[in-house]
Amino acid sequence: MHDTLLLFGATGDLAQRYLFPSLLRLLTDGLLAEDFRIRAMALSAHDTDAFHDILRPRLQQAMPQAPIEDIQSLLRRIDYRSVDLRDVDSVADAVSDLADRRCVSYLAIPPGLYISTCEGLAKGGVLAAPHRLMLEKPIGSDSESAEQIITTIAQWIDEDRVFRLDHYLGKAAVQNLIALRFGNTLLEAVWNRNYIESVHILVAESEGVDGRDAYYARSGALRDMVQSHILQLLCLVAMEPPASLEADRIRDEKVKVLRSLRPLEARTAARDSIRGRYTAGSINGQPAQAYQPPEGSEVETFAGVTAHIDNWRWSGVPFHLVTGKRLPERTSRVVVTLKPVTHWLFERPTRSQAAPNRLVFQLQPQENIQLGLMSSLAGPEWGALELQPLELELSVPTGLHRRIAYERLFLDAFNGNHALFVRDDEVRAAWAWIDSVADAWKAAQLPLEPYPAGQWGPAEAATFLPQELEAAARGDKA
Ligand code: BG6
């Protein structure tokens with residue numbers, strides 16, 4: 001197990017809110033190497049004590065139940081160095097004394113700094129084997145910048161020691177999609193174009209852009225969420241069964257899905273996609289301000305795209321991908337709608353009024369699975385059969401201890417398991433499709449539709465949303 005974490009971006013929001021608390025939990029549970037240590041690095045000119053004073057209350061806030069001895073034990077393992085990531089020597093000097101340990105460098109920094117930082121890491125001797133590298137998403141902002149990052153870094157470190165994160169893959173509910181799909185005959189039997197009418201993948205957030213303006217102004221919902229989390233969910237839903245759970249067998253299947261995505265074209269962009277940006281509104285009775293990116297930025301906070309996977313299994317099945325900020329609630333779900341039965345026998349309801357079978361995988365905030373069937377249980381016991389929708393719900397008991405996604409991802413990287421990390425060809429294929437969407441939007445001059453914070457996106461987005469939200473989306477606007 002690797003025993004040394006070189007954490008860049010240590011004063012940033014991601015590190016303070018998620019990475020250090022994850023490490024604390026792993027330490028508390030005895031899952032880190034005995035002599036595990038962390039070198040925290042950022043631009044600010046703190047010394048180690050000052051950094052501990054910043055981090056201590058953040059850890060207490062993130063994990064109020066953590067024993068103070070554990071927090072102290074974590075802090076004792078952390079030393080801090082101020083580093084200028086644009087300066088190769090500054091990076092090399094900050095890490096070279098650790099080159100004889102087994103290091104994992106974690107870059108929780110903007111992708112524009114990846115290359116200079118990695119050059120410094122290589123110079124400092126911590127990218128050669130057996131050292132490893134963890135890279136946060138996004139890798140670049142389009143195919144060209146991603147390619148440059150991937151190929152430049154490949155001079156210094158082999159792919160089998162690079163761990164590209166998509167924290168959605170670290171979520172238990174997301175991993176459960178693999179378990180459900182490949183552990184159940186029931187699902188396997190219907191999982192194709194013969195039985196499935198459509199798939200919706202929705203990642204809705206009630207939070208806004210807040211505090212990440214500089215990054216977001218260059219990114220927007222398409223590059224921030226669809227390129228990574230949503231396309232990874234799409235891969236898990238749509239991929240062929242891998243030959244085994246070995247990392248590369250899973251990643252081989254995911255990349256095939258990404259390569260089968262039909263590029264969006266300008267002539268169909270207005271029909272197959274929508275982009276929006278929130279204006280002032282309210283969420284749960286609380287006022288929310290409009291998002292105002294800096295002059296010249298045209299980014300969206302809401303994106304809906306109907307994707308088509310051009311392969312045998314999915315030909316003709318639309319995948320509606322939707323994400324947005326400042327929507328009424330935080331919810332991530334995959335909704336699989338099945339085709340109607342081939343011949344309808346019943347008088348009531350009529351065929352057209354019958355609800356289609358639906359499988360809803362609710363991923364967060366709660367995890368549960370719903371299966372929508374039609375049954376006559378609620379109808380009269382004699383006479384004409386009267387069918388009504390019946391929801392079967394499998395809820396995971398609440399109060400279950402869930403690890404932060406990063407805990408799992410840290411452990412896998414320390415242990416060298418790639419299954420939940422994104423391979424270079426996946427990144428390339430994901431950007432290739434995202435570029436087609438961005439290009440189509442540009443060529444078609446797809447307008448940025450405003451929506452008040454607290455609504456399900458622009459009214460025109462209703463058709464992209466799963467059926468249970470469609471009415472709300474339309475109704476809100478009415
Ligand atoms: C990040 C995005 O990758 O994921 C953020 O950059 C987004 O914009 C976040 O808010 C959502 O993650 P989660 O785990 O809260 O759904």
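Each ligand, and each atom within it, is numbered from 1 in the order the structure gives.
- Protein residues with a heavy atom closer than 4.0 Å to ligand 1 are Lys137, His167, Tyr168, Lys171, Glu205, Arg212, Asp224, Met225, His229, Lys325, Arg330, Gln364, listed by chain and number.
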Residues 164-171 side chain polar contacts: donor-acceptor under 3.5 Å, at least two apart:
unit_1	atom_1	unit_2	atom_2	d
Arg164	NH1	Glu159	OE2	2.9
Arg164	NH1	Val422	O	3.1
Arg164	NH2	Glu159	OE1	2.9
Asp166	OD1	Tyr168	N	3.0
Asp166	OD1	His229	ND1	2.7
Asp166	OD2	His229	N	3.2
Asp166	OD2	His229	ND1	3.4
Tyr168	OH	Gln364	NE2	3.2
Lys171	NZ	Gln364	OE1	2.7

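- Within the 4.5 Å cutoff, no side-chain heavy atoms of Trp433 are placed close to those of Ser260.
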Pairs under 3.5 angstrom only: tabulate donor-acceptor contacts from the side chains of residues 437-446 to other protein residues two or more places apart or in another chain.
unit_1	atom_1	unit_2	atom_2	d
Trp441	NE1	Ser273	OG	2.9

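- In this structure Tyr278 satisfies the side chain to side chain donor-acceptor pair (under 3.5 Å) test with no other residue, sequence neighbours excluded.
- Side-chain contact between Asp213 and Tyr291 is present, with heavy atoms from C-beta onward closer than 4.5 Å.
- Salt bridge Arg25/Glu407: present, at least one basic N to carboxylate O contact under 4.0 Å.
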